[in-house]
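Okay, structure first, notes after.
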2 protein chains.
Amino acid sequence: MSTDAMRRTQRGAGTAHAVTIEEVAAAAGVSRSTVSRVVNGSTAVSPEALESVTRAINELNYVPNRAARSLASQKTHAIALIVPEDTTRFFGDPFFAAIVSGINSRLSRSDYVLNLFIASDDPGDKTTSYVRSGAVDGAIVVSHHTSDTFIDRIASVVPVVYGGRPVRERERDYYVDVDNVRGAYDATVYLIESGRRRIATITGPRDMPAGVDRLQGYRDALAAWDLDEIAVEDGNFTADGGADAMRRVLATGAQPDAVFVASDLMARGVLTVLTAEGLRVPDDVAIIGFDDSPVATSVTPQLTTMRQPSFAQGERMATVLLDLLAGRHPRHVTILETELVIRESV
Amino acid sequence: MSTDAMRRTQRGAGTAHAVTIEEVAAAAGVSRSTVSRVVNGSTAVSPEALESVTRAINELNYVPNRAARSLASQKTHAIALIVPEDTTRFFGDPFFAAIVSGINSRLSRSDYVLNLFIASDDPGDKTTSYVRSGAVDGAIVVSHHTSDTFIDRIASVVPVVYGGRPVRERERDYYVDVDNVRGAYDATVYLIESGRRRIATITGPRDMPAGVDRLQGYRDALAAWDLDEIAVEDGNFTADGGADAMRRVLATGAQPDAVFVASDLMARGVLTVLTAEGLRVPDDVAIIGFDDSPVATSVTPQLTTMRQPSFAQGERMATVLLDLLAGRHPRHVTILETELVIRESV
DNA sequence: CTGAAAGCGCTAACAT
DNA sequence: ATGTTAGCGCTTTCAG
């Protein structure tokens, strides 16, 4: 280690003067340009230069300044994950955990970093101005509601990839979705084939495509078998909302023998209510969920559910965005398949 | 809206040329400096200038470029939250949700943004170089383990506030902790006063101060009452870990009549095991948890637990860091009190 | 293969 | 109160 580097190391917290490219250049006996080439992996550098620059970088502990770099190059190597929900919702639903893991997994093989915005706790609309200030190269938006108009102002500035069909789908939109209609259809059919005829559903919010599409699948299945809708209630994609919705269903006197619940989290709430009412699952009422998130196996009886590949969806969204940023031309729409997971609740 | 602004609005996604301070200055008929003053809220601007600049900004939809701004000012107005855990752990424990909410709550009243790093899924050590590249003005570190040495390299570059006593505490460290020793002591005493004498404990990881301190409190209480340690097992602060630990306790033949579990999440696992073994809670074995997180009320019986103010801890950490960044001199150490919450498990 | 030079968009003295 | 002037640290032509 050079004396320079040693002196630097000895300084106190937060005081360290950051090493600049200029100092590295001086130490290596080359110009700024050459250092820059090395840092950015250009091939047009002689082995000797590469060697001395690399050594200087290590000795001085050089890390390029991000602000300077993105000002000059007009790229930030950062992408935003925008979740228009509040913190409670975000942390309460394992779906988001899987999405974030998937995105991280893809990003860790790139030189991009992820900036997370839980945007509903955001009074001043910091998220929008952050993105519009050029702080990220692109954005991923999940859990998009009809009312989330700020997304449009983001999409006019950087490329956006949506998780799930956007609320107002346009030709040029990029998104990665699960085949919700099909999944809900199959789930409902499974209930029917198990002999149930009085099938209710607890839906997600109707201002979200996932809520709408899963309801559609349920309806298609009932129609195909010529069955009536016993009850349809919105459970808001939360456990408590699911419980409330189930209470409403019961209050109507509908007496379902099965319920298709559009998320596992809501199904947990449903289960609680049913059990409290003395109804046995699946004997009296069968339940099928949607997600196959960890909650599916954390309840008793364990949930039969329609698995959606959320981790893969996260990975795929990241891949599409990275392709876009690299100037490639990914497909606009990717639809992932769901899969029935049979456990104990049907 | 000016024709300029209209033209801009009509451009396609990701194509929009960003408005610069120069264009705003031209439109407002003033110099860059004046626009900068207005943007930064300087008082030294005439009412007329303020008015015309403000209008120009709105018309052109100007948002200052973050990279340029931080390059010039040497501040980023961003802080990092660094969590040396993996994604599963991060999303699985409601403690983090509360911490993040608290931080966000404080930050939303400032002009800082939060960058979250779930640092254990980070092979290339991007977190460290991100911070060292000058991307943030300061950092908050929670869930610090003995092995997390990369934190030192971060703390040498920006001010750091720790959530919980740092693993190797130094005079100059700033941190916000809960009185874990006291909380654990009181919890254990509550068990003793309820008539239990064979008290086991499920601990957090011993490489984390919270794990160590809560064990200490348990031991202090037993010592004060001259009671023996029936069993001490590490539950790793997870539900599954807690379950495994409880199985180990039972396997020793210890036959506890109570167990102090160092987190609610672990207590859930403990409860599952006890119930599966046909042991009644609290009749056969009493359980007291730690946290008072949402899981405490989501299990049956609901957990008696030692509440720790995690949201407040998050807020406080943010406040301390903001004070530091503003050049103020906050206290180095803040200790928050815990509170016994009596429910059904003791 | 390498260096010189011109910015990227903004802030912050310094003048006026 | 406002404008002028230097940079902030880096990338990127452009020459050579």
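Residue numbers start from 1 in every chain, and the chains themselves are labelled A, B, ... in the order their sequence lines are given, proteins ahead of strands. What you see below is based on every heavy atom in this structure, not just the backbone, and it leaves out hydrogens, waters and symmetry mates.
Residues B:Asn61 and A:Arg132 bring a donor and an acceptor atom of their side chains to less than 3.5 Å of each other. A donor-acceptor contact under 3.5 angstrom links the side chains of B:Ser36 and B:Asn40, judged on distance only.
Axis angle, first five pairs versus last five pairs of the helix from C:dC1-D:dG16 to C:dT16-D:dA1: 30°, rounded to 10°.
Ring-plane geometry between B:Phe91 and A:Phe91 is classed as tilted, the angle between the planes lying from 30 to 60 degrees on a 0 to 90 degree scale.
The pair B:Asp173-B:Arg170 counts as a salt bridge, with a side-chain nitrogen and a carboxylate oxygen less than 4.0 angstrom apart.
The side-chain contact (heavy atoms from CB on, under 4.5 Å) check on A:Ala139 picks up A:Ala80, A:Ile82, A:Ile154, A:Val158, A:Val160, with sequence neighbours excluded. Every residue two or more places apart in sequence or in another chain was checked for a ring pair (Phe, Tyr, Trp, His ring centres under 6.0 Å) with B:Tyr175, and none qualifies.
Taking every heavy atom of both residues into account, B:His145 and B:Val167 meet most closely at C-CG1, 3.5 Å.
As a whole-Å value, the separation of A:Asn40 CG from C:dC1 C1' is 16 Å.
For A:Asn58 (side chain) and A:Arg55 (main-chain N/O), no donor-acceptor pair under 3.5 Å exists by modelled atom type. Remark: side-chain polar atoms of A:Asp177 are paired, donor with acceptor, to backbone N or O of A:Arg165 under 3.5 angstrom.
Taking the 5' to 3' direction, DNA chain D first and last meets chain B under 4.0 angstrom from a heavy atom at D:dA1 to D:dG9.
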Contact string for nucleotides 2-8 of chain C, one letter per nucleotide 5' to 3', B = base within protein heavy-atom range under 4.0 Å, S = sugar-phosphate only, - = neither, reads BBBBBBB
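Under the salt bridge (charged side-chain N to carboxylate O under 4.0 Å, His left out) criterion, no residue pair touches residues 36-45 of chain B, with sequence neighbours excluded.
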